[in-house]
Protein chains: 2
Amino acid sequence: MSEPTGLRARKKERTRDAIGDAAVSLFLEHGFDRVSVNDIAAAAEVSKPTLFRYFPTKEDLVLHRFADHQGEAARVVRERGSGIEPVTALHRHFRAGLDRHDPVTGLNDHPEVVAFHRLVFTTPSLAGRLTRYQLEDEEALADALGEGVQAHLRAAQVLAVQRVLARTNWHRIADGRTAADVHPEAVADADLAFHRLR
Amino acid sequence: MSEPTGLRARKKERTRDAIGDAAVSLFLEHGFDRVSVNDIAAAAEVSKPTLFRYFPTKEDLVLHRFADHQGEAARVVRERGSGIEPVTALHRHFRAGLDRHDPVTGLNDHPEVVAFHRLVFTTPSLAGRLTRYQLEDEEALADALGEGVQAHLRAAQVLAVQRVLARTNWHRIADGRTAADVHPEAVADADLAFHRLR
DNA sequence: GTTGCCGAGTTGCTTTTTTAACCGGGTCAC
DNA sequence: GTGACCCGGTTAAAAAAGCAACTCGGCAAC
């Protein structure tokens with residue numbers, strides 16, 4: 001697959017994971033504002049400059065999990081099979097995410113994932129930074145969809161739909177329901193929303 | 001104690017341990033000659049030059065466990081209390097090693113330790129290199145004991161005694177006896193040998 | 001006998017990391 | 001208000017690690 005990695009690359013990836021995991025676990029335990037980057041660096045056993053070489057800001061220590069999905073929508077559109085509408089490809093992709101309970105769809109009842117979502121959306125600076133990521137995502141999707149205002153409009157609408165769907169799912173799960181229980185409604189909602197997009 | 005170590009020192013120590021442990025465990029499993037330094041570097045997840053930065057030769061990958069005791073005899077003599085004969089200090093030190101079943105006294109029946117001794121003494125290049133360590137140790141002890149041929153002679157005799165004692169203990173344990181069982185004889189032998197040194 | 005390979009070490013160059021010091025904003029004490 | 005700290009983030013220099021390519025000796029194929 002993507003295995004022939006050298007020593008250097010492997011260690012970098014491990015360092016990155018160590019920092020990110022240490023950060024998230026500390027944030028979940030004590031709250032975003034009560035944990036300093038020094039604490040995180042110490043927990044991950046790296047120096048402060050190293051930490052910032054991997055993550056440009058404190059917020060990114062949390063949001064890298066979203067950043068991993070950065071540009072995903074654009075990629076889905078670009079790599080869709082011939083004769084398939086962009087919206088259809090995105091719809092299928094979202095449903096696939098739903099089926100495998102991908103956290104980005106909001107349909108995941110794993111306690112850690114729930115706590116993580118709570119952390120992100122109840123911490124202002126994180127929510128704020130997240131919208132910046134979404135803007136870039138929107139830009140990329142617009143590029144993949146074509147040119148002009150039309151493309152931008154459609155990109156914005158698609159992503160808005162996805163955000164609403166994810167948020168809705170998350171609320172249901174925050175109410176105490178299980179992912180499996182919510183799944184049918186989530187699929188129905190998605191089908192409705194994407195259908196209306198066309 | 002010796003805790004206030006920086007990040008750098010801590011990681012260096014860990015790397016050193018990782019290399020040394022990987023080497024010894026591979027050697028014990030496959031034999032000294034059937035394991036290449038490349039294998040060890042790979043197992044320890046370091047590059048070959050890094051390995052050689054920590055250990056000058058392949059043999060030292062095994063012998064660092066002895067090297068840790070390098071100059072110990074000299075130190076014991078130098079740090080002995082006032083009014084105490086050097087030989088007495090060394091005698092006490094050896095007996096203390098016996099009591100805590102220090103591997104260097106040969107009085108340790110831990111299977112891994114036994115296998116390790118077997119590895120060292122049945123691999124010619126290792127045994128050879130080990131004598132070089134012992135020579136340096138002898139030199140240091142001679143320095144601590146005074147000047148001239150007298151000091152050298154006494155140093156050589158003391159270390160010879162220690163080697164014989166350790167070897168004897170090891171043989172007994174190699175015969176299947178336990179360290180606790182052998183202990184009284186080992187102490188008696190040591191008392192006899194050190195007494196005769198005076 | 002020479003060609004090719006393997007294993008122990010080495011060498012130079014680049015990348016990564018640590019260290020310590022710093023900046024600028026915020027906060028709390030006095 | 002001002003001085004002392006904490007926090008997010010940066011900088012420069014030096015240590016350490018990785019990589020690739022090398023030497024040198026041994027050994028086996030042909």
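Quick caveat, the model's predicted, so the values are computed rather than measured.
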Handout entry: Interface residues of residues 40-62 of chain A with DNA chain C (non-hydrogen, below 4.0 angstrom)
Key = A/Glu45, A/Val46, A/Ser47, A/Pro49, A/Thr50, A/Arg53, A/Tyr54

Exercise for the section: On DNA chain D, check which nucleotide each of A/Arg8 and A/Phe32 is closest to and give me the residue with the more 5' one. Expected result: A/Phe32

Problem - B/Asp189/B/Arg172 ion pair, N-O < 4.0 Å - result: yes

Practice task
Enter the inter-axis angle for the ends of the helix from C/dG1-D/dC30 to C/dC30-D/dG1 (five pairs per end, rounded to 10°).
Solution key: 10°

Exercise for the section: Using only side-chain N and O atoms of B/Lys11, determine if any of them is under 4.0 Å from OP1 or OP2 of D/dA16. Expected result: no

Problem - Separation of atom CG in B/Leu7 from atom C1' in C/dT19, rounded to whole Å - result: 10 Å

Problem - A/Arg177 atom CZ, neighbour heavy-atom count above 12 within 6.0 Å - result: yes

Practice task
In plain terms, say whether B/Arg14 and A/Glu45 are close enough for a salt bridge, that is, a side-chain N and a carboxylate O under 4.0 Å apart.
Solution key: yes

Practice task
Quickly work out the B/Asn38 CG to C/dT10 C1' distance and round it to whole Å.
Solution key: 14 Å

Completion exercise
Between CG of A/Asp39 and C1' of D/dC6 the distance, given in whole Å, is 11 Å

Handout entry: Length of the NZ-P vector between B/Lys12 and C/dT17, whole Å
Key = 17 Å

Exercise for the section: Is it possible for you to check whether A/Arg167 lies under 6.0 Å from the centre of the six-membered ring of A/Phe121, through NZ or CZ, and within 45° of that ring's axis? Expected result: yes

Exercise for the section: Name the orientation class of the two ring planes belonging to A/Phe32 and A/Phe27 (parallel below 30°, tilted from 30 to 60°, perpendicular beyond 60°). Expected result: tilted

Handout entry: Side-chain heavy-atom pair A/Gln157, A/Val161 within 4.5 angstrom cut-off
Key = no

Problem - Pair B/Thr50, B/Arg53: side-chain N/O donor-acceptor within cut-off below 3.5 Å - result: yes

Practice task
Kindly state which residues belonging to residues 15-27 of chain B come within less than 4.0 angstrom of DNA chain C, counting heavy atoms of the residue only, listed by number.
Solution key: none

Practice task
Would you kindly give the CZ-to-P distance between B/Arg34 and C/dA8, to the nearest whole Å?
Solution key: 14 Å

Problem - Any side-chain donor near an acceptor of the partner, B/Thr88 and B/Arg198, under 3.5 Å - result: yes

Exercise for the section: Could you tell me whether the side chain of A/Ile173 reaches within less than 4.5 Å of the side chain of A/Val113, counting heavy atoms only? Expected result: no

Handout entry: Geometric class of the B/Phe116/B/Phe66 ring pair [parallel <30°, tilted 30-60°, perpendicular >60°]
Key = parallel

Problem - B/Val46 vs A/Lys11 side-chain heavy atoms within contact, under 4.5 Å - result: yes

Fill in the blank from the handout: note: A/Arg10, atom CZ; C/dT16, atom P; distance rounded to Å ~ 16 Å

